[in-house]
Amino acid sequence: QVQLVESGGGLVQAGGSLRLSCAASGRMLFLYVMAWFRQGPGKEREFVAGINYSGSSRDYADSVKGRFTISRDNAKNTVYLRMNSLKPVDTAVYYCAARRGTEVRRTPDEYEHWGQGTQVTVPS
């Protein structure tokens with residue numbers, strides 16, 4: 001069983017930055033791809049970014065490409081999402097997710113484990 005705990009959310013002005021963290025616990029974490037999703041008010045959960053175990057493969061949603069960076073520190077079992085140039089449209093609950101495999105996927109249903117989420121608010 002994999003458990004995920006997010007942190008780092010908060011209120012930030014437009015143009016500002018935040019770094020989200022996702023601490024993972026469990027066995028055989030090297031088998032897991034990690035990703036960030038978000039769900040804004042009245043919206044469906046959407047893919048933000050994903051990374052494989054080695055970090056050699058990363059994928060980003062078009063809406064965040066060039067502004068957000070996903071990384072992972074396997075020694076600390078932690079995945080990060082650095083968010084720069086934040087916009088009001090980035091306001092959402094951000095979720096960390098894990099799927100057993102080697103490929104980053106963009107569909108929430110393909111991820112078996114989820115954190116509880118952390119709120120990011122960028123006021124307009």
Side-chain angles (χ1 to χ4, degrees):
Q1 184 72 9
V2 175
Q3 293 182 325
L4 306 172
V5 179
E6 302 98 333
S7 61
L11 176 70
V12 61
Q13 297 302 312
S17 299
L18 278 177
R19 189 180 78 162
L20 305 183
S21 299
C22 172
S25 60
R27 299 178 61 187
M28 305 175 77
L29 292 174
F30 62 90
L31 294 176
Y32 289 86
V33 165
M34 304 295 294
W36 289 95
F37 289 78
R38 67 186 182 186
Q39 189 164 13
K43 298 181 180 179
E44 294 188 352
R45 193 168 298 190
E46 64 175 357
F47 173 82
V48 176
I51 187 168
N52 66 350
Y53 182 77
S54 67
S56 61
S57 177
R58 309 183 195 203
D59 189 25
Y60 296 93
D62 288 345
S63 59
V64 306
K65 200 171 292 184
R67 299 189 298 124
F68 291 11
T69 302
I70 189 170
S71 61
R72 66 192 288 172
D73 184 337
N74 292 325
K76 296 181 179 180
N77 291 335
T78 302
V79 178
Y80 304 98
L81 185 68
R82 177 68 179 181
M83 305 185 295
N84 295 328
S85 303
L86 282 161
K87 306 174 182 180
V89 295
D90 295 318
T91 294
V93 177
Y94 283 72
Y95 296 92
C96 179
R99 69 175 297 271
R100 188 161 174 159
T102 58
E103 296 182 2
V104 177
R105 302 286 175 84
R106 294 189 170 202
T107 307
D109 288 349
E110 298 195 75
Y111 288 78
E112 303 98 22
H113 306 285
W114 292 85
Q116 82 289 349
T118 185
Q119 177 72 45
V120 172
T121 302
V122 187
S124 55

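- Remark: side-chain polar atoms of Ser56 are not paired, donor with acceptor, to backbone N or O of Ser54 under 3.5 angstrom.
- By the criterion of side-chain heavy atoms lying less than 4.5 angstrom apart, applied directly or through intervening Ile, Leu, Val, Met, Phe, Trp or Tyr residues, Val93 is not grouped with Val89; the two fall into different hydrophobic clusters.
- The disulfide (SG to SG under 2.5 Å) pairs that include a residue from residues 5-106 are Cys22-Cys96, where partners are two or more places apart or lie in different chains.
- Looking at residues two or more places apart in sequence or on another chain, you find a ring-ring contact (aromatic ring centres under 6.0 Å, His included) between Phe37 and Phe47, Tyr111, Trp114.
- In this structure, Met34 and Leu4 have side chains that are in contact, with non-hydrogen atoms separated by less than 4.5 Å.
- The two residues Thr78 and Ser21 come nearest to each other via the heavy atoms CG2-CB, 4.3 Å.
- The hydrophobic clustering, which links ILVMFWY residues whose side-chain heavy atoms are closer than 4.5 Å, places Val2 and Tyr95 apart.
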Would you mind writing out the side-chain donor-acceptor pairs for residues 63-71 within the sub-3.5 Å range, not counting sequence neighbours?
unit_1, atom_1, unit_2, atom_2, d
Lys65, NZ, Asp62, OD1, 3.3
Arg67, NH1, Ser85, O, 2.9
Arg67, NH1, Asp90, OD2, 2.8
Arg67, NH2, Ser63, O, 2.9
Arg67, NH2, Asp90, OD1, 3.0
Arg67, NH2, Asp90, OD2, 3.4

Could you give the side-chain donor-acceptor pairs of residues 116-124 under 3.5 Å, partners two or more places apart or in another chain?
unit_1, atom_1, unit_2, atom_2, d
Gln116, NE2, Glu6, O, 3.4
Gln116, NE2, Glu6, OE1, 3.4
Thr118, OG1, Gly9, N, 3.2
Gln119, NE2, Ala92, O, 3.4
Gln119, NE2, Thr121, OG1, 3.3

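- Residues Ile51 and Leu29 are members of one and the same hydrophobic cluster, defined by side-chain heavy-atom contacts under 4.5 angstrom among Ile, Leu, Val, Met, Phe, Trp and Tyr.
- Considering CZ of Arg72 and OH of Tyr32, their distance stands at 11.5 Å, rounded to 0.5 Å.
- Sorted by first and then second residue, the salt bridge (charged side-chain N to carboxylate O under 4.0 Å, His left out) pairs involving residues 102-111 (not counting sequence neighbours) are Asp59-Arg106, Glu103-Arg105, Arg105-Glu110.
- Counting heavy atoms from C-beta on, the side chains of Val33 and Val104 come closer than 4.5 Å.
- Partners of Glu46 under the salt bridge (Lys or Arg N to Asp or Glu O under 4.0 Å) rule, at least two apart in sequence or in another chain, are Arg38.
- In this structure, the side chains of Asn74 and Phe30 stay at 4.5 Å or more apart for every pair of heavy atoms.
- With values rounded to the nearest 0.5 angstrom, Leu11 atom CG is found 8.5 Å from Thr91 atom OG1.
- Counting heavy atoms from C-beta on, the side chains of Arg100 and His113 never come closer than 4.5 Å.
- Distance CH2/Trp36 to OH/Tyr80: 10.5 Å, rounded to 0.5 Å.
- A continuous path of Ile, Leu, Val, Met, Phe, Trp and Tyr side chains, each step under 4.5 Å between heavy atoms, connects Val12 with Leu81, placing both in one hydrophobic cluster.
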